[in-house]
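Below, all heavy atoms of this structure are taken into account, side chains as well, without hydrogens, waters or symmetry copies. First the proteins, then the strands, lettered A, B, ... as listed; each starts at 1.
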2 protein chains.
Amino acid sequence: MPLDSDVFQVPPGSSAPQQVHITQGDHEGSAVIVSWVTPAKPGSKEVVYWRENSKENQTATGVVLTYKFYNYTSGYIHHCNISNLEGETSRKFWFTTPPKVGLDVPYTFGLIGDLDLSYADKYPLHNNNRWDTWGRFVERNLAYQPWIWSAGNHDIDFAPEIGEPIPFKPYTNRYYVSYKASGSTSPLRYPIKRGSAYIIVLSAYSAASIYTPQNMWLKQELPKVNRSKTPWLIERVSNIAYNITNGDCTPVRDESAPVYIIIGDGGNQEGLATNMTEPQPDYSAYREASYGHGIFDIKNRTHGYFSWHRNQDGYAVEADQKWFFNRYCNQVDDY
Amino acid sequence: MPLDSDVFQVPPGSSAPQQVHITQGDHEGSAVIVSWVTPAKPGSKEVVYWRENSKENQTATGVVLTYKFYNYTSGYIHHCNISNLEGETSRKFWFTTPPKVGLDVPYTFGLIGDLDLSYADKYPLHNNNRWDTWGRFVERNLAYQPWIWSAGNHDIDFAPEIGEPIPFKPYTNRYYVSYKASGSTSPLRYPIKRGSAYIIVLSAYSAASIYTPQNMWLKQELPKVNRSKTPWLIERVSNIAYNITNGDCTPVRDESAPVYIIIGDGGNQEGLATNMTEPQPDYSAYREASYGHGIFDIKNRTHGYFSWHRNQDGYAVEADQKWFFNRYCNQVDDY
C-alpha cells in the first residue's frame, strides 16, 4: 500500500492523538490500557471516560514515553490504564470490557498468527516511522477491541550495527501490558483471564531453559491456574518450531497432552510458506497455503469451536472447523 | 569449609587487593584481563607489569565497577586489560601468555564442568559476600592462570522477590571478558583463540532460538573460523541437556558431526548425580559417579588427548582417556 493511502493518514488537528490501541489492563479483565501517540507535543495524559448513557465522567491519568532508535525519535507514546471498570460496560471509545471471569462464560477469540507487527525491521535503519504508519493503519480495529500481544521475531529490532543492541525496544515502548502484578519481570510474558480462559503469553525470543527468568516465572504462574474456575488454559507464543508440522515428529495418542493450534497465516512480509504442502503425511487431513485467520469460540466449560477462514472468502465462510473438547472438564478421545 | 579458613582470609594491609583473577583479554591471546577487588576504597586502577628479567616497566589503566545487590554493596571491582603482550612472556604476577595462534601449536586445557562459581544464590538474599569469599578462595589458582568462563545456572542471581530482577548482575560485574570486538553485545558470549583452538563461549541461559541476538551472533561468528589456521573448534556452554546422556537419543555414526565432552563433575552444591549410572546402555563403555576434572591436551592439528582424573586419585592418575582425531584435518572413523 502506498504511504499516502488514507489508512496511514495523520488525523487532522494540531498534534492530534493517533495510533490508538487497547489491550487488557489487568489479570481479570476489569481494566483496559488505552495507548496513543501525539506526534508534536506530549499533550494530556488523561483519559476521560464514562459508562454508556451515564452523565458521570471519570478521569484516569497515564504515562508518556518516548524512545530514540538510531536517527528516529518517537512521538509521545501515551499509556493509560483505566481500572475498576465493571463487566459488560462500554465507553465512548467503543470498547467493551469482557464478561466477568467464570466457568461457563462463552467468549470468542480471533486468532491471527504470524502477524509480527510493523515490519519496520525490513526497512533501512529499521525505519521506525513504519511503526507509526502501522499504528495508524490498525487503529481502526485496535482502538475498539483489545489485542493480546505476543512478541514475534520482527519485533526484536536488534540492530547493534547502528547502535541499537537492546531487543524489543520499539515494541515494549509502544505495546504496554499488565505484567508486574503476576510477578513477571518482563512485558514479554504476562497472564490474563478473559471469560472462561486463562491466557499465558510467553516469548519465543527470550531465554526459556530451566533456571531462566521466563522458565521460573512460568513455573510459579501455572499453579495459579484453577481449571475449575477458568477451564480453558491457553498459552500464546509466537513462532514455535512445532515438530509435527515440520515433520520431525508424528502425533501420539495422549488425552492428557495439550492441543496445539498452529496458525501462521496472518500475512507476512516473506509471503506464503508453501514448502510444507507436500508430501502430505497420513495423519494430515488437508493441506492448503492461504492467508486467513482463525476464530476460537468458547461455548462453555466443555466445548469450544475452532473455525478457520480464508481472507479471500471473507468472514462468513468456514474453510475448516473443529470442535475442541475441554481436556479438564470434558476429557473425551478426540484423536 | 568454615569461613575463617585461611583460604578465605583477607590479605593484610589497608584495603589490599584481593580476589585477583585473570582471563584472556582479546581474541588472539595477546592480551590478559587482570581483575581484583579492593574492599574499602577504589585504590589504583593501574597494573604495572614487565617482562621477566626486564628492567622496563609498563603501566596499564583499567576501570572500577561497583554494584549493589539488595542489602549488599560490593567492594571496588577492578578490571584492567593489558594488551600488546607477546607470546610466551611471563610477568611478576606469574601468568604466562599463550603461544601464538597456529596450526600445530600444542596446548593443554583443563576442563572443569558444572563449576558454577560462588553459589551465593544458595544463601539467604543471595548473600553476595559469598562471591567475595569464593573470589579469595580461588585466587591462588585464578591469579596465575586464566580461566575461560561460561555462565552457569547458579550465576544467574535472578531474585525479583528482593528487587534484583536483572540476570547475571554479580557475575557480569565480577568476571570481565573481551566480547565487543567480535560484534557480540553480551559478555555471556565471546570468542577466543588459544594455541590451535578457536573457542566460542555461549550462554545456556540466554535466548538462543532463531532471530535472537545470541543466535545471530553465532551465525556471524562461525564463518570467521578458519579450520586451516585453528583446526580445533571448541564450543563451550554450561549445562546443556545432552540427549544421549539422558537417554532420549542414541548415538549415530556421523563423522562430520561434532564430538561432545560432557563433563559435570567439577563439584557442586547439589552433590553427585548418580541417577544416570543404571541402566547402562550398550553404547556406554563405563559409568561411575565421582568428582573429578578433565584435561584436553592438543598435540597438533590431527591429535588431541583427553584424560579424566578423579579428585580422590590426584592429578597423576588417569581414570579414563581417549584420543581425539581432528574432524577437519584428520577425519578417521573413531566411532
Side-chain angles (χ1 to χ4, degrees), chain A residues 114 116 119 121-122 126 151-169 171 179-189 202-221 237-243 246 248-249 268-270, chain B residues 114 116 119 121-122 126 151-169 171 179-189 202-221 237-243 246 248-249 268-270:
Chain A
D114 205 12
D116 303 272
Y119 283 93
D121 66 343
K122 287 290 185 186
H126 292 227
N153 54 301
H154 290 289
D155 307 320
I156 301 176
D157 280 315
F158 173 69
E161 69 282 5
I162 56 171
E164 294 294 351
I166 300 169
F168 299 110
K169 185 175 170 183
Y171 173 78
Y179 66 96
K180 289 181 185 163
S182 72
S184 165
T185 54
S186 166
L188 302 176
R189 46 184 180 269
L202 298 173
S203 166
Y205 304 104
S206 303
S209 64
I210 185 169
Y211 308 122
T212 59
Q214 180 159 245
N215 192 291
M216 290 169 74
W217 175 75
L218 181 61
K219 278 186 186 143
Q220 60 92 37
E221 183 64 25
V237 65
S238 174
N239 300 37
I240 54 169
Y242 185 52
N243 289 335
N246 68 18
D248 282 355
C249 296
N268 68 356
Q269 170 98 13
E270 296 88 347
Chain B
D114 206 12
D116 302 272
Y119 283 94
D121 65 343
K122 287 290 185 186
H126 292 228
N153 53 301
H154 290 289
D155 308 319
I156 300 177
D157 280 313
F158 174 68
E161 68 281 7
I162 56 171
E164 295 293 351
I166 300 171
F168 299 109
K169 185 174 169 184
Y171 173 78
Y179 65 96
K180 289 180 186 165
S182 72
S184 165
T185 55
S186 166
L188 303 176
R189 47 184 178 270
L202 298 173
S203 166
Y205 304 105
S206 302
S209 64
I210 186 169
Y211 307 122
T212 60
Q214 180 159 245
N215 191 291
M216 289 168 75
W217 176 75
L218 181 60
K219 279 188 185 140
Q220 60 92 37
E221 185 63 26
V237 66
S238 175
N239 300 36
I240 54 169
Y242 185 53
N243 289 334
N246 69 17
D248 283 355
C249 295
N268 67 356
Q269 171 99 12
E270 297 88 348

Legend entry - For the student: nearest non-hydrogen atoms of A:Tyr205 and B:Ser209, plus distance: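 Minimum heavy-atom separation between A:Tyr205 and B:Ser209: CD2-OG, 3.7 Å.
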Inset, instruction - Would you indicate whether the side-chain heavy atoms of A:Phe158 and B:Thr212 approach each other to under 4.5 Å? - result: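 No, every pair of side-chain atoms sits at 4.5 Å or beyond.
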Inset, instruction - Taking the side chain as every heavy atom from C-beta outward, state whether B:Pro167 and A:Pro213 have any pair of such atoms under 4.5 Å apart. - result: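 B:Pro167 reaches A:Pro213 side chain to side chain.
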Inset, instruction - Indicate yes or no for a side-chain donor-acceptor contact from A:Thr185 to the backbone of B:Ile166 under 3.5 Å, with no hydrogens or angles considered. - result: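 No: the side chain of A:Thr185 does not pair with the backbone of B:Ile166.
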Inset, instruction - Give, for atom CG of B:Asn215 and atom CG of A:Asn153, the distance between the pair rounded to the nearest 0.5 Å. - result: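 So the CG of B:Asn215 and the CG of A:Asn153 are separated by 11.0 Å.
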Inset, instruction - Report the distance from atom OH of B:Tyr211 to atom CG of A:Asp155, rounding to the nearest 0.5 Å. - result: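 Taking OH in B:Tyr211 and CG in A:Asp155, the distance rounds to 12.0 Å.
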Legend entry - chain A interface, residue from B:Gly183, B:Ser203, B:Ser206 that has the most non-hydrogen pairs under 4.5 Å: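 So the answer, after comparing B:Gly183, B:Ser203, B:Ser206, is B:Ser206.
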